[in-house]
There are 2 protein chains.
Amino acid sequence: MEVSHVSIRIEKLTKELKKNNIRLSHQRLKVLEYMVTHRTHPTVDQIYNDLQKEVPTLSKTTIYNTLRTLVDANLVKAINIEDNEVRYDAVTKDHGHFKCESCGEIFDFDVDFNTFSTRGLKNFNIKHKDIYFKGICPNCM
Amino acid sequence: MEVSHVSIRIEKLTKELKKNNIRLSHQRLKVLEYMVTHRTHPTVDQIYNDLQKEVPTLSKTTIYNTLRTLVDANLVKAINIEDNEVRYDAVTKDHGHFKCESCGEIFDFDVDFNTFSTRGLKNFNIKHKDIYFKGICPNCM
DNA sequence: TTGACTGCAAAGCATTTGCAGAGTA
DNA sequence: TACTCTGCAAATGCTTTGCAGTCAA
């Protein structure tokens, strides 16, 4: 992703934060910046280990707090593709996640939610849609 | 679900267990029976609390062990619709799960995986498909 | 009989909570 | 200034592990 796009993205996000009355602390901006520049669906631990190099005083508690804030504000999505770890994604639109059971990498894929028949949910108010696939990626085959 | 269906279901499952060289212990059969008769997508805790009435010596460790065995044998599926709890489902075929954010109930729904375009996964070997929706169910609206 | 299973107790680990001090607006 | 946020330490709670006794085959 180009640097200019990243800065535009972050600008948008900080506006969203202001709109939600969330203070723009140094730590929050760093986490946000990390989420936008690293599209690797990181865990709290990965964010923590990477950001600590830049911001040595940063605590895991703050990352947990920040991510909850961002998830509540719908700026970040939690990915529960595995039952023993939560990953995070700075999503903009609906898409699916594929996890390779060999290398562990998570891939995004487009999902056409319109061609998607959901019989049995006629009178349901659907707010969140998560699609998780697992298997083997082309690189590991 | 009719009793006759349940017993047929359990008979099938015990055959599967034998095929996988999994011993038919009293505890495992009880957990299996519970999973087949209670289609409520229970957590370990719910299974434990309910079964303890019948089998007072049953331990949570055994339930964890049993569920892992059943999941590994593809007789039961783990549901990670929420990041702070794992639920289990005695599945037979692919389907989606909808969780009501108001009452917490989980509903099954049919998914036609054929009408489901997955651009970007052309060379991927897809082994598992999980679809999780959240929102408000008709009863809560 | 023998290898697998159960269940207790303890360990492990991700996440949350309480709270004093620091920082944002 | 006033209120929120940070980050340490401790608590919490789910899940796993070690292991001695028990059980299925």
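Letters A, B, ... mirror the listed sequences (proteins, then strands); counts begin at 1.
- The CD1 atom of B:Ile47 sits 11 Å away from the P atom of D:dT15 (whole-angstrom rounding).
- What you find for B:Cys100 and B:Phe107 is that their closest heavy atoms are CB-CE1, 4.3 Å.
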Q: Go along nucleotides 9-25 of chain C 5' to 3' and tag each nucleotide: B for a protein heavy atom under 4.0 Å from its base, S when only backbone or sugar atoms are that close, - otherwise.
A: B----SBBB-----BBS
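- Put simply, CD on B:Gln46 is 12 Å from P on D:dC14, counting in whole angstrom units.
- Note that CD of B:Glu85 is 10.0 Å distant from CG of B:Asn80, once rounded to the nearest 0.5 Å.
- Rounded to 10 degrees, the angle separating the terminal axes of the helix from C:dT1-D:dA25 to C:dA25-D:dT1 is 50°, with each axis obtained from five end pairs.
- We find that CG of B:Leu17 is positioned 10 Å from P of D:dA25, with the value rounded to whole Å.
- Look at OH on B:Tyr48: it is 14 Å from C1' on D:dC14, rounded to the nearest Å.
- Atom pair A:Gln52:CD and D:dC8:C1' shows a separation of 13 Å (rounding to whole Å applied).
- Legend: residues meeting ring pair (Phe, Tyr, Trp, His ring centres under 6.0 Å) with A:His128, ordered by chain and number and at least two apart, are absent.
- With side-chain heavy atoms closer than 4.5 Å counting as contact, directly or through intermediates, the hydrophobic cluster containing B:Ile136 also holds B:Met141.
- As a whole-Å value, the separation of B:Lys30 NZ from C:dG7 P is 13 Å.
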Q: Before giving the answer on side-chain contact (heavy atoms from CB on, under 4.5 Å), spell out for B:Leu17 and B:Leu75 the whole-Å C-alpha distance, their side-chain angles and the decisive distance to 0.1 Å.
A: CA-CA 9 Å; B:Leu17 292 181; B:Leu75 300 177; 3.6 Å; yes
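- For residues 84-105 of chain B, the set of pairs meeting the ring pair (Phe, Tyr, Trp, His ring centres under 6.0 Å) definition, not counting sequence neighbours, comprises A:Phe124-B:Phe98, B:His41-B:His97, B:His95-B:His97.
- Residues B:Arg28 and B:Arg23 approach most closely at NH1-O, 3.0 Å, considering heavy atoms.
- Taking atom CG of residue B:Leu58 and atom C1' of nucleotide C:dC8, one finds them 13 Å apart after rounding to whole Å.
- Here B:Gln27 does not reach the OP1 or OP2 of C:dC5: none of its side-chain N or O atoms lies under 4.0 Å away.
- For the pair A:Asn20 CG and D:dC5 P, the interatomic distance rounds to 12 Å; values are reported in whole Å.
- Proximity note for A:Arg28 (side chain, C-beta onward) versus D:dC5, C:dG7, D:dG7: the nearest is D:dC5.
- Residue A:Ile79 belongs to a hydrophobic cluster whose other members are A:Ile81, A:Ile106, A:Tyr132, B:Ile79, B:Ile81, B:Ile106, B:Tyr132, with links defined by side-chain heavy atoms closer than 4.5 Å.
- Both A:Asp83 and A:Thr66 lie near DNA chain D, and the one whose nearest nucleotide falls closer to the 5' end is A:Thr66.
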Q) After noting the C-alpha distance and the side-chain angles of A:Glu82 and A:Lys134, does the key distance pass the salt bridge (Lys or Arg N to Asp or Glu O under 4.0 Å) rule? A) CA-CA 10 Å; A:Glu82 217 62 77; A:Lys134 292 186 204 174; 3.1 Å; yes
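- Under 4.0 angstrom from either OP1 or OP2 of D:dC8 there lies no side-chain N or O belonging to A:Ser59.
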